Each structure stands twice: as C-alpha cells, then as structure tokens.
**Student:** 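Please read through the structure below; I'll follow up with questions.
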Amino acid sequence: MLDYQHQLSTLADNGGMQQRVVAVVAAMAEELRALADATAAEGAVREEHVLGRSLRHGTLAGTPVVLARSGVGKVAAAATAAILCQRADAVVMVGTAGGLAPEVRPGDVVVADALLQHDVDPRPLFPRWQVDGVVRLRPDPELTGALGAAASDAVAGHRDALAALGLPTPRWHTGLIVSGDQFIADSAASDALRRDLPDALAVEMEGAAVAQVCTGARVPFAVARTISDRADDDAHVDFARFLATVAAPYARDLVVRALTILG
Ligand code: ADE
C-alpha cells in the first residue's frame with residue numbers, strides 16, 4: 001500500500017475494517033473477459049485510465065479487486081505490474097501458457113512455485129537467467145496455496161467442457177514457469193527450453209516480469225496459467241481456439257475460488 005489515495009480505497013464498507021485489494025492481471029482481453037463480466041455482475045465497477053491502460057476497480061467474491069489487461073510480453077507486463085503495485089496489496093496473474101513438461105497438456109493448469117526469464121542472459125557479467133541477484137523468483141506461498149486449491153477445483157469443473165473439445169481429463173501441476181518475449185510455436189524452440197531448463201513445466205510471455213516487479217516492490221504475487229498448447233508446431237492453431245472457448249472461464253473460476261479461499 002503505497003499512497004494515501006490507495007489507503008482510502010482499501011478501507012472497505014465493512015465497518016472500517018481494512019480489506020486487502022487484489023490486482024488480477026492477464027495479457028489479453030479474451031483471458032480477462034469472464035473476470036470482467038463477473039466483477040460487473042457483482043456490483044459497481046469504476047474505470048481508471050493510467051499510462052494507456054484501463055483498470056477496472058470492483059469486487060470479486062467480496063474482495064476488492066483491480067482488473068488489468070497488461071498486453072503481451074515482458075515490457076507490457078512489467079509496466080502494468082508497476083501500476084498495480086501502487087494500487088493493490090497483492091497481484092495475481094492468470095492466462096494461458098504452452099506446456100513444456102511431457103505430463104503438462106492442454107486443459108491442465110500450472111501454478112508457479114518459481115519463475116524465471118528464459119531469454120535473459122547476462123553472462124559473463126552474471127549467471128544465465130539472473131536478474132537483481134536471483135535466478136528463480138518465488139511467489140507468495142499463501143496466494144500460491146489458494147491458487148493451487150482453486151486449480152484443483154477448476155480442473156474438475158472444466159472436465160466436461162474440455163472433453164467436448166476432445167481433450168483428456170485435465171490435471172493441475174505446480175512448479176517452474178518460464179517467461180520470454182517469444183511465442184514458442186515450434187518443436188526446436190521448445191526442445192531447447194526443455195534441454196536448458198529440464199524442470200520447466202510451462203512457457204509464457206509475462207509471468208516472470210510481473211514477478212520481478214512485485215518482488216522489487218515487496219508486493220505478494222502469484223501466477224496460474226491454463227495450458228493452451230504444447231509450444232510446438234501446432235501451437236498457433238490450438239491457441240486461437242483455446243482462447244475463445246476455455247481460457248476466459250478458467251481464469252474466472254481460478255480467481256473467484258482462490259479469493260473465496262483467501263476470505
Ligand atoms: N502462451 C500460450 N502459449 C504460449 C506459447 N506456446 N509460448 C509462449 N507463450 C504462450
């Protein structure tokens with residue numbers, strides 16, 4: 001909580017008891033749509049425009065939230081995270097990712113227990129992937145635990161919708177998510193990531209940037225991603241279809257359930 005205006009905004013209407021504000025960020029409008037609808041259905045929404053972004057202030061599961069579309073890539077994500085760190089007490093990133101580990105398949109959910117930027121290479125100055133003295137950024141355990149419990153419920157809840165798309169029974173995983181400014185859509189690129197980072201579960205384009213900014217600002221954060229593709233030669237085809245049909249309701253269910261668990 002960094003400024004006076006924000007302190008006022010976090011004093012919710014429940015007898016002056018302070019409730020934390022949770023920022024929810026996704027890269028693409030499609031990933032955020034069902035969350036925005038759920039916020040509008042729950043009560044008044046206030047729009048704020050800052051540095052070219054539209055933020056939506058409202059509530060979800062009774063928790064004050066700020067919803068933001070970051071745009072694609074690490075720069076857009078970092079700028080958005082900096083804005084959100086001045087308005088929220090915690091940041092949750094949702095959206096899609098490509099599966100890297102063999103057991104991580106489309107329809108699964110991956111909750112990050114660590115994140116790194118796979119395209120950062122400051123050698124020989126510092127070790128590969130190191131930023132601000134760390135290679136693996138660690139999300140907040142409480143938020144991550146709530147997202148894990150929510151993921152367990154969400155995969156069960158989406159089983160039928162995924163079966164209709166011809167996808168197997170979804171599962172959830174927790175582990176390393178890697179981020180970079182490339183959409184990985186060929187097998188050579190995903191093989192290289194698997195070779196260099198054998199324990200990476202999934203690849204996306206924003207999470208580690210949000211993690212870096214939140215870590216620097218000392219704002220708790222967590223990241224959960226729905227797997228849309230296998231980061232291989234079919235990735236671009238699968239991605240558009242998956243965004244339209246599955247990503248948005250999955251993101252909503254994950255966040256609403258996690259906020260309910262957090263209370
Ligand atoms: N987001 C969803 N799928 C992805 C992929 N294959 N590469 C990078 N970001 C992604």
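We count ligands from 1, going down the list as the structure has it; atoms in each ligand are counted the same way. Note that the coordinates shown come from a computational prediction; the quantities given were computed from them, not determined experimentally. Quick note: numbers below take in every heavy atom, side chains included, and nothing from hydrogens, waters or symmetry partners.
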**Student:** Just by modelled atom types, is the Asp113 backbone N or O under 3.5 Å from a matching donor or acceptor in the Arg138 side chain?
**Tutor:** yes
**Student:** Between the main-chain N or O of Gly207 and the side-chain N or O of Glu204, is there a donor-acceptor pair closer than 3.5 Å?
**Tutor:** yes
**Student:** Would Ala185 count as a contact of ligand 1 if the rule is a heavy atom under 4.0 Å away?
**Tutor:** no
**Student:** Do any N or O atoms from the side chain of Asp119 and from the backbone of Asp181 form a donor-acceptor pair under 3.5 angstrom?
**Tutor:** yes
**Student:** Got a donor-acceptor contact below 3.5 angstrom from the Ser70 side chain to the Ala77 backbone?
**Tutor:** no
**Student:** Taking Trp129's backbone N and O only, do any of them form a donor-acceptor pair with Arg123's side chain (distance below 3.5 Å, no angle check)?
**Tutor:** no
**Student:** Nearest protein heavy-atom contact for atom 4 (C) of ligand 1: which residue, which atom, what distance?
**Tutor:** Phe183 CE1, 3.3 Å
**Student:** If the cut-off is 4.0 Å to any non-hydrogen atom of Asp229, which atoms of ligand 1 fall inside it?
**Tutor:** 2 (C), 3 (N), 4 (C), 5 (C), 6 (N)
**Student:** Should you measure from each heavy atom of Gln182, which atoms of ligand 1 turn up under 4.0 Å away?
**Tutor:** 8 (C)
**Student:** Please report which non-hydrogen protein atom sits nearest to atom 7 (N) of ligand 1, along with the residue it belongs to and the distance in Å to one decimal place.
**Tutor:** Ile184 N, 2.9 Å
**Student:** What do you reckon, does Gly98 have a nitrogen or oxygen under 3.5 Å from a nitrogen or oxygen of ligand 1?
**Tutor:** yes
**Student:** Could you list the atoms of ligand 1 found under 4.0 angstrom from a heavy atom of Ser228?
**Tutor:** 2 (C), 3 (N)
**Student:** Treating Glu206 as the side-chain partner and Gly73 as the backbone partner, does any N or O pair qualify as donor plus acceptor under 3.5 Å?
**Tutor:** yes
**Student:** Are a donor atom and an acceptor atom from the side chains of Thr39 and Arg56 found within less than 3.5 Å of each other?
**Tutor:** no
**Student:** Only heavy atoms of Val203, strictly under 4.0 Å: list the atoms of ligand 1 that pass.
**Tutor:** 4 (C), 8 (C), 9 (N), 10 (C)
**Student:** Which atoms from ligand 1 have a heavy atom of Ala231 less than 4.0 Å away?
**Tutor:** 6 (N)
